[in-house]
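These values consider heavy atoms only, across backbone and side chains, with no hydrogens, waters or symmetry-generated copies. All residue numbers refer to positions in the sequence shown, counting from 1. Model, not experiment: these values are computed from the prediction.
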Amino acid sequence: MGVPGPFPGSPGRPDAPVLGREEVDRALARLGAEYEAIETSLSALQDHAGRRLLEGAGLSGITKERWAEAERSITVLWTLFDAYTAAWESVRELRERRRWPSPEDLAELTELLHGDGVTVPGTAADGGAEDGPAPLGERFSLEGLVERMNGLYARSLDVIVAADAVWSTLPARIDLLSAELQRTRSLAHSVGVRPGEHPAGDDLERITDELVRLRARVIADPLAFWVSSSTGSSAPGGGRPDTARYDRAARALEDIRREVAAVLDVRQDAERRLMQLRDVLSRADRTLTEARQARGEVLAKIAASEVPAVSGPSTALHEQLAAAADYRRRAQWHRLSPLLDSLEERAEDELLRARESLTAVTAPLAVRAELRSRLDAYRAKVSRHGLAEDSLLTERYDMARRMLWSAPCDLRAAEQAVWRYQRAAAEALVPQQLEGRGDS
């Protein structure tokens, strides 16, 4: 709303000089502009979205008190404006009577413009307070009436603008945070972060309750979340929404999101480790199965040899692996992690034991294969020196070969036979080597 500019003379003083025609016309021009500004401001106040929201809201606390005062002020504003309108129209009608006003007309116009000639009808509001509604029959000058309206307008608009600013800011942000909280809650539940089972699950419930209470309080008492401007500005709506409680809830939710992300990493790591454990134990089981099959083959093919027994898969390890999988399903990470540490070490030991068992069981076959290779190597050497038809060598070769290629094979006897063939071959080769040196 506008504020009237200074007029000639001293308003309210009985000895104020009478205004001239041109001074009266200038004053009327200012009053006309002032009237239009006041009317526009009051209409905008009446149509303000914040005012309509306040009228339909179930208010409480400081907002309820201040809005009740603002409603009374708005009612008085229209009463004052009606008085102002009547006075303005009286001044304008008097001036429009004559093109050239008489001295009496000028004196009356001066009194209307600067005198306390505007009587305001009484109201039930708190009369007598500074800048408050007018008491019954109080008289104002036009300038004083505008000043009173400006004060009431500013305080009423301040309530409306502040409430509207809070409602336009906080509920939407709270709703967005609530939606994010629901997404975090779903993810948290999927990884076992639940109320009563994990501290972060309890914190999620606490934040949920806080956001519900906060939103209800913001809707019912928005002015409780308004911080007036620290610059001391008297402009309506000078300040900002107080987001302290919202910010605390947002920070707490962000902390929980990081914790849930950490738990998610633990879950993914646990799944990877469980898959590796299953693979290691599966390889150990396959190796033990191979060892048992090899033992049967060895017992069928090798005689007079001690073949170690092969144990079955570790029942305890498989039971603990099943327990680890159950911990994973129940998201009991505090139990799963130490169990995985122990299982990983024991599973590697189990695989090593299985491999050692296979090696021990197949050792006789490896010895037989080595004897066969050695026998064939000496046979080839003898043939290169033209002794393939030697009767003694042939006899001993055939004997060793029958032993190594028969089932079951007596490894001790076969080894002796191979050794005798080697010695005979060595003795047969010595004369040829000596003869060769003599010829050279």
Contact summary for M149 and L77, nearest pair of heavy atoms: O-CD2, 3.4 Å

Do E415 and R412 come within less than 4.5 Å of each other through their side chains, counting heavy atoms only? no

Between CG of L253 and OG of S178, what distance do you get to the nearest 0.5 Å? 9.5 Å

If only atom types and distance count, is the side chain of R185 paired as donor or acceptor with the main-chain N or O of L204 below 3.5 Å? no

Backbone of A252 reached by a side-chain donor or acceptor of D203 within 3.5 Å: no

Salt bridge (charged side-chain N to carboxylate O under 4.0 Å, His left out) filter on R66, not counting sequence neighbours, yields D158

Tell me, with the steps shown, if L59 and D221 meet side-chain contact (heavy atoms from CB on, under 4.5 Å). CA-CA 6 Å; L59 302 175; D221 192 8; over 6 Å; no

Minimum heavy-atom distance between L340 and A324, given as atom pair plus value: CD2-CB, 4.4 Å

Taken to the nearest 0.5 Å, the spacing of L336 CG from L274 CG works out to 6.0 Å

Starting from the C-alpha separation in whole Å, work towards a yes-or-no answer on salt bridge (Lys or Arg N to Asp or Glu O under 4.0 Å) for R272 and D269. CA-CA 5 Å; R272 176 186 59 79; D269 181 64; 2.4 Å; yes

By side-chain contact (heavy atoms from CB on, under 4.5 Å), which residues pair with Q320, not counting sequence neighbours? L317, L339, L343, R346

Separation of L170 CG from D242 CG (nearest 0.5 Å): 8.0 Å

Show me the pairs that pass ring-ring contact (aromatic ring centres under 6.0 Å, His included) and involve residues 393-416, at least two apart or across chains. Y397-Y421

Which donor-acceptor pairs under 3.5 Å do side chains of residues 50-57 form with protein atoms, sequence neighbours excluded?
unit_1	atom_1	unit_2	atom_2	d
R51	NE	L45	O	3.4
R51	NE	Q46	O	2.5
R51	NH1	E55	OE1	3.0
R51	NH1	E55	OE2	2.3
R51	NH2	Q46	O	2.3
R52	NH1	D47	O	2.4

Assess whether salt bridge (Lys or Arg N to Asp or Glu O under 4.0 Å) is satisfied between R379 and D376, documenting all intermediate values. CA-CA 5 Å; R379 174 69 171 175; D376 290 341; over 6 Å; no

Do the side chains of R217 and R245 get nearer than 4.5 Å, heavy atoms only? yes

Taking it one step at a time, do I160 and W67 satisfy side-chain contact (heavy atoms from CB on, under 4.5 Å)? CA-CA 8 Å; I160 293 171; W67 174 238; 3.9 Å; yes

I'd like to check D390 versus V382 (side-chain heavy atoms, cut-off strictly below 4.5 Å). Are they in contact? no

Under a 4.5 Å cut-off applied to non-hydrogen side-chain atoms, are R374 and L371 in contact? yes

Lys/Arg N to Asp/Glu carboxylate O, R283 vs D279, below 4.0 Å: yes

Step by step, would you call L411 with R368 a side-chain contact (heavy atoms from CB on, under 4.5 Å)? CA-CA 7 Å; L411 281 180; R368 187 185 67 173; 3.8 Å; yes

So do the side chains of P408 and I302 get within less than 4.5 Å of each other, counting heavy atoms only? no

F81 and Y153: aromatic ring centres closer than 6.0 Å? no

Taken to the nearest 0.5 Å, the spacing of Q422 CD from Y378 OH works out to 4.5 Å

P171 side chain reached by R215 side chain, heavy atoms, under 4.5 Å: yes

Straight-line distance of R273 CZ to R278 CZ, nearest 0.5 Å: 13.0 Å

Of all the heavy-atom pairs spanning P195 and E205, show the shortest one and how long it is. CG-CG, 3.4 Å

Of the non-hydrogen atoms in R292 and S311, which two are nearest, and what is the gap between them? NH1-O, 3.3 Å

Do side-chain atoms of T63 reach the backbone of L223 as a donor and acceptor pair under 3.5 angstrom? yes

Heavy-atom nearest pair, A294 first then V361, reads C-CG1, 3.7 Å

Can we say R206 and E210 salt-bridge, meaning some charged N sits less than 4.0 Å from an Asp/Glu carboxylate O? no

Is there a donor-acceptor pair under 3.5 Å between the side chain of W167 and the backbone N or O of V218? yes

Evaluate the side-chain hydrogen bond (donor to acceptor under 3.5 Å, both in side chains) criterion for residues T359 and R355: first the C-alpha distance (whole Å), next the side-chain angles of each, then the deciding distance (0.1 Å), finally the verdict. CA-CA 6 Å; T359 300; R355 288 170 174 171; over 6 Å; no

Residues in salt bridge (charged side-chain N to carboxylate O under 4.0 Å, His left out) contact with R257, at least two apart in sequence or another chain: E180, E254

Judged by atom type as modelled, is there a donor-acceptor pair below 3.5 Å linking the side chain of R194 to the main-chain atoms of H189? yes

Compare every heavy atom of L404 with every heavy atom of A414, then report the nearest pair and how far apart it is. CB-CD2, 3.6 Å

Please enumerate all residues that pass salt bridge (charged side-chain N to carboxylate O under 4.0 Å, His left out) together with E350, with sequence neighbours excluded. R353

Is the shortest heavy-atom distance from the side chain of R267 to the side chain of S190 under 4.5 Å? yes

Show your working on salt bridge (Lys or Arg N to Asp or Glu O under 4.0 Å) between E34 and R30 and close with a plain yes or no. CA-CA 6 Å; E34 186 66 37; R30 286 196 298 269; over 6 Å; no

Atom pair CG/CD of L288 and Q293 - distance to nearest 0.5 Å: 11.5 Å

Might you work through the side-chain contact (heavy atoms from CB on, under 4.5 Å) test for R423 and E427, ending with a clear yes or no? CA-CA 6 Å; R423 187 174 63 180; E427 291 174 352; 3.8 Å; yes

Donor-acceptor pair, S342 side chain versus P338 backbone, under 3.5 Å? no

